[in-house]
S.K.: 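Take a look at the following structure, please.
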Amino acid sequence: MAGEEEERKKKGFKLLGILDVQNTPCAREALLHGAGGSAVAGLLHFLVTSRVKRSFDVGFAGFMLTTLGSWFYCRLKNAKLRVQQRMVQEGIKNKILYEGTPLDPTNKPRPSGPS
Amino acid sequence: MAYPLQLGLQDATSPVMEELIQFHDHTLMIALLVSTMVFYTILTSVTTKLTNKNMLDSQGIETIWTIAPALILILIAMPSLRVLYMMDEVNNPHLTVKTIGHQWYWSYEYTDYKNLEFDSYMIPTQDLIPRQFRLFDTDHRMVVPTDSPVRMLITADDVIHSTAVPTLGVKMDAIPGRLNQTTFVVSHPGVFYGQCSEICGANHSFMPITVEAIPLIHFEDWSTSMLAKI
């Protein structure tokens, strides 16, 4: 099992030889969105103007903007999730540590009354 | 641990290394987009039929290609400084381990409670048993408890060495006459390998660092057994 997973990791596709698209979070989505944005922008521009070279330029600009936008949005979402995960982990650790002790925040104080 | 022909970073075993990997991915994506843009610009410049031998003064594009790189650099610098300062945070270590580099082995000292000291030599290739890794496994490992901040004080006995464990995001020079400090937290149990990272003589490639992280309750058993052995 571990061997298969390692093999899959080793075969990860490296874009331009540097970015491991499969194993980098958000990379695959960003690049796919970028490709889609580029195709849409370039095609629309060509349909309106019939200028081939300029449409390629517009398509490229669309690729850059869509990739960047999708990348930063996804990374920001991931970062917020990681912060929440850490808080939950800390909370679980503290709950286990303090359960049953006077420091347990979930302990309701016993009402003091006549014995 | 590392595998043959690996180009990327190893998986993180400490929170600092996780942040370093996040920063690395962020910067790599920016580098990729800039490279793509440069490649595309070169392609269009080389294939265009438009030429103007008298073109001077292009304030517009010069402004853009001055401000845009500055903005990109700010976008890279902000997370970079964040991780840099995060690595220097004081985290009240639970344990201090002294690491001394020698030619050509490491020695570790745990002197918080009792004086536990031992040397860590690489296991020669001819003495390896089937489950051990060539050039990585050692006779004694530096054992630390998981989920506990550990302070490592590093120095050397003879020449400059450097202790590095990539999966923990630890690399620090061991300089004779100087005490360097680094801290780390190991997130989960396991065995993690690193190699000497400063040329130190004939056997520079044969003095690895092996860190074993175990739960705290077993750490106490280990230190007791090591004290009894030594």
S.K.: Can you tell me if A:Leu81 has over 12 outside heavy atoms packed within less than 6.0 Å of its CG?
M.R.: yes

S.K.: With rounding to the nearest 0.5 Å, note down the distance linking CG in B:Leu33 to CG in A:Leu68.
M.R.: 5.0 Å

S.K.: So which part of B:Gln22 gets closer than 4.5 Å to some heavy atom of chain A, the side chain, the backbone, both or neither?
M.R.: both

S.K.: Contact between A:Phe60 and B:Thr44 at the side-chain level, heavy atoms closer than 4.5 Å - yes or no?
M.R.: no

S.K.: With rounding to the nearest 0.5 Å, note down the distance linking CG in B:Asp147 to CD in A:Gln89.
M.R.: 8.0 Å

S.K.: Could you pull out the closest heavy-atom pair between A:Arg75 and B:Asp25, with the gap in Å?
M.R.: NH2-CB, 3.4 Å

S.K.: Would you say B:Tyr40's side chain and A:Ala61's backbone share a donor-acceptor pair under 3.5 angstrom?
M.R.: no

S.K.: Answer yes or no: does atom CZ of B:Phe219 have more than 12 heavy-atom neighbours from other residues, nucleotides or ligands under 6.0 Å?
M.R.: yes

S.K.: Quick one: closest heavy-atom pair of B:His26 and A:Phe72, and the distance?
M.R.: CE1-CE2, 3.4 Å

S.K.: Is it the backbone or the side chain of A:Asp57 that comes under 4.5 Å from a heavy atom of chain B, or both, or neither?
M.R.: both

S.K.: Could you tell me which portion of B:His24 (side chain, backbone, both or neither) has an atom closer than 4.5 angstrom to a non-hydrogen atom of chain A?
M.R.: neither

S.K.: Side chain from CB out, backbone as N, CA, C, O: work out which of these in B:Leu75 comes under 4.5 Å of a heavy atom of chain A, or both, or neither.
M.R.: side chain

S.K.: State the OG1-CD1 distance between A:Thr24 and B:Ile21, to the nearest 0.5 angstrom.
M.R.: 9.5 Å

S.K.: Is B:Ile61 atom CD1 crowded by more than 12 heavy atoms from other residues, nucleotides or ligands, each under 6.0 Å away?
M.R.: no

S.K.: Of the non-hydrogen atoms in A:Ala27 and B:Met29, which two are nearest, and what is the gap between them?
M.R.: CA-CE, 4.3 Å

S.K.: Any side-chain heavy atom of B:Glu19 within less than 4.5 Å of one from A:Arg82?
M.R.: yes

